[in-house]
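Comments concern the structure below.
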2 protein chains.
Amino acid sequence: MENTGQGLHARVLESLGPEITAGEHSPGTVLRTDELAQRFDVSRTVIREAIRVLESMHLVESRRRVGVTVRPTEEWNVFDPRVIRWRLAGADRPRQLRSLTVLRCAIEPAAAGLAARHATPDQCAALTEHAMGMVATSRGQQLEAYLVHDTAFHRTLLTASGNEMFARLNDVVAAILTGRTHHHVMFTDPDPAAVTLHVQVAEAVRTGDAARAEELTREITVGAMAELDILAP
Amino acid sequence: MENTGQGLHARVLESLGPEITAGEHSPGTVLRTDELAQRFDVSRTVIREAIRVLESMHLVESRRRVGVTVRPTEEWNVFDPRVIRWRLAGADRPRQLRSLTVLRCAIEPAAAGLAARHATPDQCAALTEHAMGMVATSRGQQLEAYLVHDTAFHRTLLTASGNEMFARLNDVVAAILTGRTHHHVMFTDPDPAAVTLHVQVAEAVRTGDAARAEELTREITVGAMAELDILAP
DNA sequence: GTGACACAAACGTCATACTTATTATTCCCG
DNA sequence: CGGGAATAATAAGTATGACGTTTGTGTCAC
């Protein structure tokens, strides 16, 4: 239960954060540090440190004499990994998943194009290796093993793009892929066409064909959007 | 500009953050809270709150008995608005600007396509209005006025996409546009072709032509990359 | 009704003592 | 001489109480 034992402030954060992102405290609600200290049975010091982090995420705003007020959703730092995680774990998980998928579909083709230019031999090898792994595990209900290779493939692709911003989105893509397998209840084996596309992307990156890598990746992402009933762009 | 005097912890943060992102403390360096408290002449409480925020940005890692160690660049939360701002203000501004531009060029076409589907009449009106403003200020060294309309145009476009993640990138795009005008020393008037493209994008969004809006916006972003000598994808 | 003024509530800051985890050192035994 | 266990040292983590600062609000006089 307590996987958050890294300090009391972390424990408070992992309680308050999800509460806020889940909308349990509607925007405008005021939280008082004294009450929170009493509720969590910790000192105000600990509460204040947690509040400071929530404030850095633009989830709350602390003002004198008034207290800690919850900010409206539009002001949240929706790119903060923790905010993403909390929202994915909360009630509006579907909407968050759609937002992230749209983002992913804008990013990954561009990342693939860059990877075709910048990927190191090691990265090319890793890509083909994971693509082969996907092929090997694409039949016979080996969904977990398939997911591992799928995640590794996209992580390698994003890293190989050489763009630090893209690289930092691998957690997002991993969350999407994991979510699809675990939550969306994939009983059936993966789409063979998608598996083939991954192999072809690895090949395009290896041969340095940026345009082809981008287009093939776009096909993959279009498929990902279709799974969530998002209009293709 | 930004109010850095809003509390001592904010002051410390706005000193330590830039120092770290500028590489003044190389990864692995250990900072001790007591020393920092002495250096900034504040209590340890204040230092701890600042450290907690830096920790939430993955800039540092606080461990008992060892101190606060600076983390390697690859682990930083490069999407955090403050990290972006600090790096833009620091030494590796050029590289940061290129990273952001690549990101922008992956995002904006997709955002334009979505905007063509989701934009409200008000947003369409704002788009055309700002495009007209760009036309009106595109000649005669009215660079500042042009920048205002340019920024507003792209902000409206990203917001109109209806995707919260895209919408939160308007600060990034604004930083890029501002940087081009101010830093890149634009003596010459804007490229007339780019101005025309903006008008056409506004028109495409208004008429709901998603494919056209996306393609036109891609042409704009390709131009933005060319200005920074980035290979077109 | 309007202005100034005083009060109080909540956060902000500080100082201090104590706790805990982690590392480094010592020391004993094989 | 070497290795592992006991021990000490260290720096962050937590608790507490006091005081400062800002600011919303109510009151009072005019």
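Labels below follow one simple rule: chain letters A, B, ... track the order of the sequence lines, proteins then strands, and each chain is numbered from 1.
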If you only use heavy atoms from C-beta on, which nucleotide in C/dC14, D/dA15, C/dG12 is closest to the side chain of B/V42? C/dC14
Nearest-nucleotide comparison on DNA chain D, the residue closer to the 5′ end among A/R63 and A/E49: A/E49
Hey, does A/I47 reach any base, or is it just sugar-phosphate, or nothing, if we go heavy atoms under 4.0 Å? nothing
Between A/T128 (side chain) and A/C124 (backbone), is there a donor-acceptor pair under 3.5 Å? yes
Gap between atoms CG and P, on B/D34 and C/dA15 respectively (whole Å): 12 Å
When rounded to whole Å, the CZ to P distance for the pair B/R64 and C/dT20 reads 8 Å
So does B/S62 get a side-chain nitrogen or oxygen closer than 4.0 Å to the phosphate oxygens (OP1/OP2) of D/dG13? yes
For D/dG13, does either OP1 or OP2 sit under 4.0 Å from a side-chain N or O belonging to B/R48? yes
Under-4.0 Å side-chain N/O to phosphate OP1/OP2 contact, B/H9 with C/dG12: no
Any donor-acceptor pair under 3.5 Å linking the side chain of A/Q123 with the backbone of A/T120? yes
Any side-chain N or O of A/T33 below 4.0 angstrom from OP1/OP2 of C/dC11? yes
When the distance from CG of B/L54 to C1' of D/dA12 is rounded to whole Å, what number comes out? 16 Å
Which nucleotide in the set D/dT14, C/dT22, D/dT23 lies at the smallest distance from any side-chain heavy atom of B/R65? C/dT22
Value in whole Å for how far the C1' atom of C/dA10 lies from CD of A/E61: 14 Å
Below 4.0 angstrom, N of the basic side chain to O of the carboxylate: do A/R52 and B/E55 qualify? no
Check: A/H198 ring centroid to A/H130 ring centroid under 6.0 Å: no
Roughly, in whole Å, what's the span from CG in A/L31 to C1' in C/dC11? 13 Å
Nucleotide D/dG13, atom P - distance to CZ of B/R32 in whole Å: 14 Å
On DNA chain D, does the nearest nucleotide to A/V46 precede the nearest nucleotide to A/V66 from the 5' side, or the other way round? Give the residue. A/V46
Please tell me if A/R44 has a side-chain N or O lying less than 4.0 Å from either OP1 or OP2 of C/dA10. no
In whole angstroms, how far is the P atom of D/dA15 from the CD atom of A/Q38? 14 Å
Rounded distance (Å) that lies between atom P of D/dT14 and atom CG of A/L36: 16 Å
Please report the interatomic distance CD(A/Q6) to CG(A/L13), rounded to the nearest 0.5 Å. 13.0 Å
Have a look at B/I51 and say if it touches a base, only the backbone sugar-phosphate, or nothing, with a 4.0 Å heavy-atom cut-off. nothing
Below the 4.0 Å mark, does D/dG13 have OP1 or OP2 next to a side-chain nitrogen or oxygen of A/T45? no
